[in-house]
Amino acid sequence: MADNFNQIPNPNGNSAEVQNAVNAALNEQKKKKRKKKLIILAVVAVVIIGIIAAAGSGSSDDTPKVEPAQSSASAGDSTEAAKEEANEAAVPELIKAGSSVTLKDVKITYVSCDADFKNYSEYAEVKDGNKVIRAEFLFENNSSNDVMLESFECYADNDKCEEFYSVDDYSSPALETISAGRKFKSVVYYEVPKNAKSIELECDTDFWTSDKLTFEVK
């Protein structure tokens, strides 16, 4: 019995070795977990710093601010847009004979006017108390496309007047089409009251917007 008992391994020695091995394994796992946590924390920290930096830069007073651009005309720009703006701004309320107006596509020259024209046919009928006026214009198409002129009318003291046809060179610009780079000379005549205080000619410059130019006869 005693011999058999003595052959049993010493549990104390084996358990110590096993325990040391277990501890070593646990320590290794803890180190790995610690490394993973550190990596995760580092990534999170970088993201947070990036967010804070972005938010800070967005609210900083040093952020470039977009200012409204100055109009090309006021800045002295020589572009076509600037020229158009300047021309439109320079158009007077009443255009006098001898003046020219340049629009987007057409240049209009008010060549001359006669507020009491008498050189018409002796057979022409002019109503009592009326007279005939004559006005000459030159239209120039400065665009690369055909341009159609709009209506052309006369008003005496705000009353619409009738056209006068008993002349040889009558040529109304209404609904005329001018080819690109071409010119059109227009001579119009109207019968108006002799005692009219103001006589004006109106020319539509845009069918869609009803913009008009007003030319002074008297």
Side-chain angles (χ1 to χ4, degrees), residues 73 80-218:
E80 289 301 321
K83 291 179 181 179
E84 291 170 13
E85 291 177 7
N87 287 329
E88 290 177 2
V91 175
E93 185 174 343
L94 284 177
I95 303 169
K96 298 181 181 297
S99 303
S100 295
V101 178
T102 301
L103 304 176
K104 182 178 180 181
D105 297 322
V106 180
K107 179 181 178 181
I108 303 174
T109 301
Y110 185 12
V111 179
S112 64
C113 74
D114 186 342
D116 192 7
F117 179 76
K118 298 183 182 299
N119 192 25
Y120 49 82
S121 172
E122 60 179 329
Y123 302 106
E125 294 184 1
V126 178
K127 295 178 181 179
D128 291 339
N130 284 357
K131 64 179 181 177
V132 177
I133 65 163
R134 178 186 187 275
E136 183 176 337
F137 296 86
L138 180 64
F139 297 84
E140 301 176 61
N141 182 358
N142 297 322
S143 72
S144 57
N145 300 306
D146 289 359
V147 170
M148 187 177 74
L149 303 176
E150 305 295 341
S151 67
F152 203 90
E153 298 172 340
C154 176
Y155 292 88
D157 293 337
N158 298 322
D159 291 330
K160 189 174 181 178
C161 301
E162 297 293 330
E163 293 172 276
F164 183 79
Y165 300 103
S166 299
V167 286
D168 296 331
D169 60 347
Y170 179 88
S171 180
S172 173
L175 302 180
E176 286 286 345
T177 298
I178 308 175
S179 299
R182 303 291 188 176
K183 301 178 182 180
F184 175 73
K185 178 183 177 182
S186 172
V187 182
V188 294
Y189 297 83
Y190 289 90
E191 187 175 341
V192 302
K194 289 181 179 179
N195 60 356
K197 294 181 180 179
S198 69
I199 304 171
E200 298 170 354
L201 299 171
E202 280 190 358
C203 175
D204 283 343
T205 60
D206 193 315
F207 176 79
W208 302 107
T209 63
S210 297
D211 290 338
K212 299 179 185 294
L213 292 177
T214 305
F215 303 92
E216 183 183 50
V217 176
K218 179 183 177 183

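Scope of the values below: all heavy atoms of this structure, side chains included, with no hydrogens, waters or symmetry mates. Keep in mind that what you see is a predicted model, and the values were worked out from it rather than measured.
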Is there a side-chain contact (heavy atoms from CB on, under 4.5 Å) between Leu138 and Lys183 once you walk through the steps?
CA-CA 7 Å; Leu138 180 64; Lys183 301 178 182 180; 4.2 Å; yes
Could you walk me through whether Cys203 and Leu201 pass side-chain contact (heavy atoms from CB on, under 4.5 Å), step by step?
CA-CA 7 Å; Cys203 175; Leu201 299 171; over 6 Å; no
Evaluate the criterion side-chain contact (heavy atoms from CB on, under 4.5 Å) for residue pair Val217 and Tyr110; output intermediate values, then yes/no.
CA-CA 10 Å; Val217 176; Tyr110 185 12; 3.8 Å; yes
Check step by step if side-chain contact (heavy atoms from CB on, under 4.5 Å) holds for Phe137 and Val187.
CA-CA 6 Å; Phe137 296 86; Val187 182; over 6 Å; no
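For the pair Ala196 and Asp157, the tightest heavy-atom approach, listed with the atom from each and the gap, is CA-OD2, 3.3 Å. Taking each heavy atom of Phe184 and Glu176 in turn, the nearest pair found is CZ-CG, 3.6 Å. Closest approach of Asn141 and Ile178 over heavy atoms only: ND2-O, 3.0 Å. Annotation for Thr214 and Glu93: closest pair CB-O, 3.6 Å, computed over non-hydrogen atoms.
Between the side chain of Ser121 and the backbone N or O of Ser166 there is no donor-acceptor pair closer than 3.5 Å. For the pair Ser172 (side chain) and Ala174 (backbone), a donor-acceptor distance under 3.5 Å is present. Checking side-chain atoms of Lys194 against main-chain N and O of Asp128 turns up no donor-acceptor pair under 3.5 Å. Side chain of Tyr190 to backbone of Ala156: no donor-acceptor contact under 3.5 angstrom is found.
Donor-acceptor pairing under 3.5 Å is recorded for the side chains of Asp204 and Ser151. With 3.5 Å as the limit, one finds no donor-acceptor pair spanning the side chains of Asn145 and Ser143.
A salt bridge is absent between Lys127 and Glu191: the closest approach of a Lys/Arg side-chain nitrogen to an acidic carboxylate oxygen does not fall below 4.0 angstrom. Ionic pairing of Arg134 and Asp169 is present here: one or more N-O contacts between side-chain nitrogen and carboxylate oxygen are shorter than 4.0 angstrom.
Between Ile95 and Ser100, every side-chain heavy-atom pair lies at or beyond the 4.5 Å cut-off.
Aromatic rings of Phe117 and Tyr189 (six-membered ring for Trp) have centroids within the 6.0 Å cut-off, being under it.
To the nearest 0.5 Å, atom CD1 of residue Ile199 and atom CD1 of residue Ile133 are 5.5 Å apart.
A perpendicular orientation is assigned to the rings of Phe139 and Phe152, their planes being inclined by more than 60° (bins at 30° and 60°).
Remark: Lys218 NZ is packed, more than 12 non-hydrogen atoms of other residues, nucleotides or ligands lying under 6.0 Å away.
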